[in-house]
Amino acid sequence: MMIDYRIRKTLIEAVARRVIASADELTDLDRAIGDGDHGINMRRGFEAVLATVDELSAKNLGESLKGVGTTLVMKVGGASGPLYGTLFMSLGKSLADEVSCEQAADAFATAIEAVKVRGKSDVGQKTMLDVLFPLLGVLREGGADMTARLRATAKAAAEDTIPMRAIRGRASFLGERSIGHMDPGARSCALIVDAVADVMEGLA
Amino acid sequence: MSGNVGIVIVSHSADVARGTALMVEQMVGREVPLGWCGGDPGGGLGTSVEAIMKAIEQAWSESGVAILVDLGGAETNSEMAIEMLPEERRDRVVVCNAPVVEGAVMAATEAASGATLEAVRRTAEELTPV
(Lines give C-alpha, C1' and ligand atoms only; values in the text may rest on other atoms or scores of the structure.)
Protein backbone atom coordinates (compact mmCIF):
# COMPACT_ATOMS: atom_id res chain seq x y z
CA MET A 1 0.00 0.00 0.00
CA MET A 2 0.95 3.65 -0.45
CA ILE A 3 1.66 5.60 2.74
CA ASP A 4 1.00 9.19 1.66
CA TYR A 5 1.25 12.44 3.60
CA ARG A 6 -2.24 12.15 5.06
CA ILE A 7 -1.70 8.60 6.30
CA ARG A 8 1.76 9.45 7.68
CA LYS A 9 0.34 12.35 9.65
CA THR A 10 -2.64 10.34 10.90
CA LEU A 11 -0.35 7.49 11.99
CA ILE A 12 2.13 9.71 13.81
CA GLU A 13 -0.65 11.63 15.57
CA ALA A 14 -2.51 8.48 16.58
CA VAL A 15 0.62 6.85 18.02
CA ALA A 16 1.72 10.00 19.84
CA ARG A 17 -1.75 10.62 21.31
CA ARG A 18 -2.07 7.01 22.48
CA VAL A 19 1.30 7.06 24.23
CA ILE A 20 0.60 10.44 25.82
CA ALA A 21 -2.85 9.30 27.02
CA SER A 22 -1.32 6.14 28.52
CA ALA A 23 1.56 7.85 30.32
CA ASP A 24 0.15 7.22 33.80
CA GLU A 25 -0.43 3.54 33.11
CA LEU A 26 3.13 3.13 31.80
CA THR A 27 4.57 4.97 34.78
CA ASP A 28 2.60 2.76 37.17
CA LEU A 29 3.97 -0.37 35.49
CA ASP A 30 7.48 1.06 35.61
CA ARG A 31 7.13 1.99 39.26
CA ALA A 32 6.57 -1.69 40.05
CA ILE A 33 9.77 -2.99 38.43
CA GLY A 34 11.79 -0.05 37.09
CA ASP A 35 12.43 3.52 38.10
CA GLY A 36 8.91 4.80 37.48
CA ASP A 37 9.67 7.18 34.64
CA HIS A 38 8.71 5.27 31.49
CA GLY A 39 5.38 7.05 31.04
CA ILE A 40 6.82 10.48 31.85
CA ASN A 41 9.72 9.95 29.44
CA MET A 42 7.60 8.57 26.62
CA ARG A 43 5.07 11.38 27.04
CA ARG A 44 7.82 14.00 26.78
CA GLY A 45 9.19 12.33 23.65
CA PHE A 46 5.86 11.97 21.89
CA GLU A 47 4.76 15.48 22.87
CA ALA A 48 7.84 16.68 20.98
CA VAL A 49 6.85 14.43 18.06
CA LEU A 50 3.29 15.79 18.10
CA ALA A 51 4.55 19.38 18.19
CA THR A 52 6.44 18.82 14.91
CA VAL A 53 4.03 16.38 13.23
CA ASP A 54 3.43 18.58 10.16
CA GLU A 55 7.12 18.95 9.51
CA LEU A 56 7.81 15.26 10.21
CA SER A 57 5.09 13.88 7.98
CA ALA A 58 5.81 16.29 5.11
CA LYS A 59 8.86 14.19 4.27
CA ASN A 60 8.69 10.75 2.65
CA LEU A 61 7.95 7.75 4.90
CA GLY A 62 11.62 6.89 5.44
CA GLU A 63 12.53 10.44 6.49
CA SER A 64 9.36 10.77 8.59
CA LEU A 65 10.24 7.65 10.56
CA LYS A 66 13.86 8.76 10.97
CA GLY A 67 12.61 12.14 12.18
CA VAL A 68 10.35 10.49 14.77
CA GLY A 69 13.29 8.32 15.89
CA THR A 70 15.69 11.25 16.23
CA THR A 71 13.12 13.25 18.20
CA LEU A 72 12.62 10.34 20.61
CA VAL A 73 16.40 9.90 21.05
CA MET A 74 16.79 13.57 21.92
CA LYS A 75 13.70 14.09 24.07
CA VAL A 76 12.75 10.89 25.88
CA GLY A 77 15.58 10.77 28.40
CA GLY A 78 15.58 7.18 29.70
CA ALA A 79 16.94 4.15 27.91
CA SER A 80 13.64 3.94 26.02
CA GLY A 81 14.71 6.99 23.96
CA PRO A 82 17.60 5.26 22.19
CA LEU A 83 15.65 1.99 22.03
CA TYR A 84 12.51 3.41 20.39
CA GLY A 85 14.68 5.88 18.48
CA THR A 86 16.71 3.02 17.02
CA LEU A 87 13.52 1.13 16.13
CA PHE A 88 12.03 4.06 14.18
CA MET A 89 15.31 5.17 12.60
CA SER A 90 16.02 1.64 11.41
CA LEU A 91 12.50 1.28 9.95
CA GLY A 92 13.02 4.65 8.24
CA LYS A 93 16.23 3.46 6.60
CA SER A 94 14.45 0.45 5.07
CA LEU A 95 11.03 1.75 4.02
CA ALA A 96 9.84 3.72 0.98
CA ASP A 97 6.36 5.26 0.66
CA GLU A 98 5.02 2.22 -1.19
CA VAL A 99 5.14 -0.65 1.32
CA SER A 100 4.36 -4.30 0.68
CA CYS A 101 3.80 -6.78 3.47
CA GLU A 102 7.08 -8.48 2.63
CA GLN A 103 9.01 -5.18 2.70
CA ALA A 104 7.43 -4.30 6.04
CA ALA A 105 8.48 -7.69 7.43
CA ASP A 106 12.06 -7.29 6.16
CA ALA A 107 12.30 -3.76 7.57
CA PHE A 108 10.90 -4.98 10.87
CA ALA A 109 13.39 -7.85 11.03
CA THR A 110 16.30 -5.43 10.49
CA ALA A 111 14.89 -3.02 13.08
CA ILE A 112 14.56 -5.80 15.68
CA GLU A 113 18.23 -6.67 15.22
CA ALA A 114 19.16 -3.00 15.67
CA VAL A 115 17.13 -2.80 18.91
CA LYS A 116 18.82 -6.00 20.17
CA VAL A 117 22.25 -4.45 19.61
CA ARG A 118 21.25 -1.11 21.17
CA GLY A 119 19.82 -2.77 24.29
CA LYS A 120 22.36 -5.63 24.38
CA SER A 121 19.28 -7.77 24.82
CA ASP A 122 17.37 -10.61 23.23
CA VAL A 123 13.92 -12.17 23.11
CA GLY A 124 12.75 -13.73 26.40
CA GLN A 125 14.35 -11.12 28.67
CA LYS A 126 11.17 -9.20 29.55
CA THR A 127 11.63 -6.24 27.18
CA MET A 128 9.97 -4.59 24.19
CA LEU A 129 11.65 -7.27 22.04
CA ASP A 130 9.16 -9.78 23.43
CA VAL A 131 6.40 -7.83 21.65
CA LEU A 132 8.36 -6.91 18.52
CA PHE A 133 9.47 -10.44 17.74
CA PRO A 134 5.99 -12.12 17.64
CA LEU A 135 4.80 -9.23 15.42
CA LEU A 136 7.45 -10.17 12.88
CA GLY A 137 5.91 -13.64 12.70
CA VAL A 138 2.50 -12.13 11.87
CA LEU A 139 4.01 -9.88 9.19
CA ARG A 140 5.81 -12.88 7.66
CA GLU A 141 2.58 -14.90 7.54
CA GLY A 142 0.72 -12.13 5.72
CA GLY A 143 -2.81 -12.95 4.64
CA ALA A 144 -6.19 -11.58 5.59
CA ASP A 145 -7.10 -9.83 8.88
CA MET A 146 -3.48 -8.94 9.45
CA THR A 147 -4.28 -5.72 11.31
CA ALA A 148 -6.50 -7.56 13.79
CA ARG A 149 -3.86 -10.25 14.25
CA LEU A 150 -1.09 -7.68 14.83
CA ARG A 151 -3.20 -5.98 17.48
CA ALA A 152 -4.11 -9.22 19.26
CA THR A 153 -0.56 -10.57 19.06
CA ALA A 154 0.94 -7.39 20.54
CA LYS A 155 -1.54 -7.34 23.41
CA ALA A 156 -1.00 -11.02 24.23
CA ALA A 157 2.78 -10.73 23.87
CA ALA A 158 2.91 -7.83 26.34
CA GLU A 159 0.87 -9.90 28.80
CA ASP A 160 3.23 -12.81 28.26
CA THR A 161 6.03 -10.72 29.82
CA ILE A 162 4.26 -10.88 33.21
CA PRO A 163 5.74 -14.26 34.28
CA MET A 164 9.17 -13.48 32.76
CA ARG A 165 12.20 -12.57 34.82
CA ALA A 166 14.02 -9.41 33.74
CA ILE A 167 17.73 -9.68 33.10
CA ARG A 168 18.22 -6.33 31.35
CA GLY A 169 17.66 -2.78 32.53
CA ARG A 170 16.67 -1.50 35.93
CA ALA A 171 14.14 -4.32 36.44
CA SER A 172 17.01 -6.83 36.46
CA PHE A 173 18.11 -5.49 39.87
CA LEU A 174 14.91 -6.98 41.24
CA GLY A 175 15.73 -10.50 40.03
CA GLU A 176 12.89 -12.86 40.99
CA ARG A 177 10.79 -9.92 42.17
CA SER A 178 10.44 -8.70 38.56
CA ILE A 179 8.23 -11.75 37.98
CA GLY A 180 4.50 -11.00 38.13
CA HIS A 181 4.57 -7.55 36.52
CA MET A 182 4.11 -6.62 32.87
CA ASP A 183 7.16 -5.03 31.31
CA PRO A 184 6.42 -1.32 30.70
CA GLY A 185 8.38 -1.29 27.42
CA ALA A 186 6.42 -4.29 26.17
CA ARG A 187 3.20 -2.50 27.11
CA SER A 188 4.17 0.74 25.33
CA CYS A 189 5.01 -1.30 22.23
CA ALA A 190 1.60 -2.97 22.32
CA LEU A 191 -0.09 0.45 22.71
CA ILE A 192 1.75 1.78 19.67
CA VAL A 193 0.70 -1.24 17.61
CA ASP A 194 -2.88 -0.79 18.79
CA ALA A 195 -2.87 2.85 17.65
CA VAL A 196 -1.40 1.89 14.26
CA ALA A 197 -4.04 -0.84 13.91
CA ASP A 198 -6.83 1.69 14.62
CA VAL A 199 -5.58 3.88 11.78
CA MET A 200 -5.17 0.98 9.37
CA GLU A 201 -8.68 -0.29 10.09
CA GLY A 202 -10.04 3.22 9.55
CA LEU A 203 -8.48 3.20 6.09
CA ALA A 204 -9.82 -0.20 5.11
CA MET B 1 47.53 12.72 19.11
CA SER B 2 47.86 15.74 21.35
CA GLY B 3 46.61 16.71 24.79
CA ASN B 4 45.36 14.61 27.66
CA VAL B 5 42.37 12.32 27.21
CA GLY B 6 39.13 14.03 28.25
CA ILE B 7 36.72 12.65 30.86
CA VAL B 8 32.93 12.87 30.72
CA ILE B 9 30.71 12.05 33.71
CA VAL B 10 27.11 11.03 32.98
CA SER B 11 24.74 10.48 35.89
CA HIS B 12 20.96 10.34 36.21
CA SER B 13 21.36 13.11 38.78
CA ALA B 14 22.90 16.50 37.98
CA ASP B 15 24.00 16.70 41.62
CA VAL B 16 25.90 13.41 41.41
CA ALA B 17 27.52 14.43 38.11
CA ARG B 18 28.53 17.87 39.40
CA GLY B 19 29.77 16.43 42.70
CA THR B 20 31.86 13.82 40.90
CA ALA B 21 33.32 16.49 38.60
CA LEU B 22 34.28 18.58 41.66
CA MET B 23 36.04 15.57 43.20
CA VAL B 24 37.96 14.97 39.99
CA GLU B 25 39.02 18.62 39.81
CA GLN B 26 40.11 18.67 43.42
CA MET B 27 42.04 15.40 43.26
CA VAL B 28 43.48 15.60 39.77
CA GLY B 29 43.51 19.29 38.96
CA ARG B 30 42.36 20.96 35.80
CA GLU B 31 44.80 19.54 33.29
CA VAL B 32 42.27 16.96 32.15
CA PRO B 33 39.44 18.25 29.94
CA LEU B 34 36.25 17.52 31.88
CA GLY B 35 32.59 17.48 30.93
CA TRP B 36 29.59 16.35 32.96
CA CYS B 37 25.84 16.16 32.70
CA GLY B 38 22.93 14.75 34.66
CA GLY B 39 19.16 14.86 34.44
CA ASP B 40 16.70 14.18 31.63
CA PRO B 41 15.59 16.73 29.00
CA GLY B 42 12.76 17.80 31.32
CA GLY B 43 15.03 18.48 34.29
CA GLY B 44 14.09 15.33 36.24
CA LEU B 45 16.29 12.35 37.10
CA GLY B 46 17.57 10.68 33.93
CA THR B 47 19.99 11.29 31.09
CA SER B 48 19.82 13.21 27.84
CA VAL B 49 21.57 12.35 24.58
CA GLU B 50 21.76 16.03 23.71
CA ALA B 51 23.39 16.91 27.04
CA ILE B 52 25.84 14.01 26.69
CA MET B 53 26.85 15.24 23.23
CA LYS B 54 27.48 18.70 24.68
CA ALA B 55 29.55 17.26 27.53
CA ILE B 56 31.67 15.30 25.01
CA GLU B 57 32.19 18.53 23.07
CA GLN B 58 33.22 20.31 26.26
CA ALA B 59 35.73 17.60 27.21
CA TRP B 60 36.91 17.03 23.63
CA SER B 61 40.54 16.11 23.16
CA GLU B 62 42.25 14.89 20.01
CA SER B 63 43.53 12.02 22.21
CA GLY B 64 39.95 10.92 22.86
CA VAL B 65 37.28 11.01 25.56
CA ALA B 66 36.41 8.40 28.22
CA ILE B 67 32.82 8.43 29.52
CA LEU B 68 31.86 7.22 33.00
CA VAL B 69 28.19 6.38 33.53
CA ASP B 70 26.03 5.39 36.50
CA LEU B 71 22.99 3.24 35.58
CA GLY B 72 21.66 1.48 32.45
CA GLY B 73 19.98 4.40 30.69
CA ALA B 74 23.13 6.50 31.04
CA GLU B 75 25.08 3.82 29.19
CA THR B 76 22.49 3.37 26.42
CA ASN B 77 22.17 7.13 25.96
CA SER B 78 25.97 7.57 25.94
CA GLU B 79 26.35 4.92 23.24
CA MET B 80 23.63 6.65 21.23
CA ALA B 81 25.38 10.02 21.68
CA ILE B 82 28.66 8.53 20.41
CA GLU B 83 26.91 7.24 17.28
CA MET B 84 25.50 10.68 16.60
CA LEU B 85 28.94 12.34 16.68
CA PRO B 86 30.73 13.25 13.44
CA GLU B 87 32.24 10.09 11.98
CA GLU B 88 35.87 11.10 12.57
CA ARG B 89 35.20 11.44 16.31
CA ARG B 90 33.20 8.27 16.95
CA ASP B 91 36.19 5.92 17.28
CA ARG B 92 37.83 8.19 19.83
CA VAL B 93 35.10 8.07 22.50
CA VAL B 94 34.58 5.07 24.80
CA VAL B 95 32.15 4.22 27.60
CA CYS B 96 34.02 2.67 30.56
CA ASN B 97 32.52 -0.26 32.42
CA ALA B 98 33.34 1.16 35.86
CA PRO B 99 31.66 2.75 38.88
CA VAL B 100 31.03 6.41 38.11
CA VAL B 101 32.73 8.21 41.04
CA GLU B 102 35.77 5.97 41.55
CA GLY B 103 36.04 5.36 37.82
CA ALA B 104 36.07 9.08 37.01
CA VAL B 105 38.79 9.81 39.58
CA MET B 106 40.96 6.87 38.46
CA ALA B 107 40.44 7.61 34.77
CA ALA B 108 41.28 11.28 35.25
CA THR B 109 44.40 10.43 37.27
CA GLU B 110 45.58 8.18 34.46
CA ALA B 111 44.62 10.76 31.81
CA ALA B 112 46.59 13.46 33.64
CA SER B 113 49.76 11.43 33.10
CA GLY B 114 49.27 11.66 29.34
CA ALA B 115 48.10 8.04 29.00
CA THR B 116 46.31 6.80 25.88
CA LEU B 117 42.52 6.40 25.75
CA GLU B 118 42.87 2.62 26.00
CA ALA B 119 45.09 2.92 29.10
CA VAL B 120 42.62 5.35 30.70
CA ARG B 121 39.75 2.98 30.06
CA ARG B 122 41.71 -0.01 31.38
CA THR B 123 42.60 1.81 34.59
CA ALA B 124 38.96 2.74 35.24
CA GLU B 125 37.76 -0.76 34.44
CA GLU B 126 40.22 -2.38 36.85
CA LEU B 127 37.73 -1.27 39.51
CA THR B 128 35.05 -3.54 38.07
CA PRO B 129 34.95 -7.01 39.62
CA VAL B 130 35.27 -9.71 36.96
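Worth knowing before you read on, the calculation uses all heavy atoms, side chains too, and leaves out hydrogens, waters and symmetry mates. Note on naming: letters A, B, ... go to the chains in the order of the sequence lines (proteins, then strands), and numbering restarts at 1 for each one.
- At most 12 non-hydrogen atoms from other residues, nucleotides or ligands lie less than 6.0 angstrom from NZ of A:Lys93.
- When the shell of 6.0 Å around CG of A:Asp4 is examined, it contains more than 12 heavy atoms from other residues, nucleotides or ligands.
- Heavy-atom contacts from other residues, nucleotides or ligands closer than 6.0 Å to CD of A:Glu159 number more than 12.
- To the nearest 0.5 Å, atoms CE (B:Met84) and CE (A:Met74) are separated by 3.5 Å.
- Listed for the B:Asn77 side chain is a donor-acceptor partner under 3.5 Å among the backbone atoms of A:Gly77.
- Remark: B:Glu88 CD is packed, more than 12 non-hydrogen atoms of other residues, nucleotides or ligands lying under 6.0 Å away.
- Residue A:Ser80 does not touch chain B at all, counting heavy-atom pairs closer than 4.5 Å.
- Listed by sequence position, B:His12 are the residues of residues 11-18 of chain B in contact with chain A, using a 4.5 angstrom heavy-atom cutoff.
- For A:Arg140, the CZ atom counts as densely surrounded, since its 6.0 Å shell holds more than 12 non-hydrogen atoms of other residues, nucleotides or ligands.
- Other residues, nucleotides and ligands place no more than 12 heavy atoms under 6.0 Å from the CZ atom of A:Phe133.
- Here CG of B:Asp40 is found 7.5 Å from CG of A:Asp37. Values are rounded to the nearest 0.5 Å.
- A:Arg44 places a side-chain heavy atom less than 4.5 Å from the side chain of B:Pro41.
- For B:Met27, the CE atom counts as loosely surrounded, since its 6.0 Å shell holds 12 or fewer non-hydrogen atoms of other residues, nucleotides or ligands.
- More than 12 heavy atoms of other residues, nucleotides or ligands sit less than 6.0 Å from atom NZ of A:Lys116.
- The two residues A:Val73 and B:Val49 have their closest heavy-atom pair at O-CG2, 3.5 Å.
- The part of B:Leu45 that comes within reach of chain A is its backbone (N, CA, C, O), which places non-hydrogen atoms under 4.5 angstrom from that chain.
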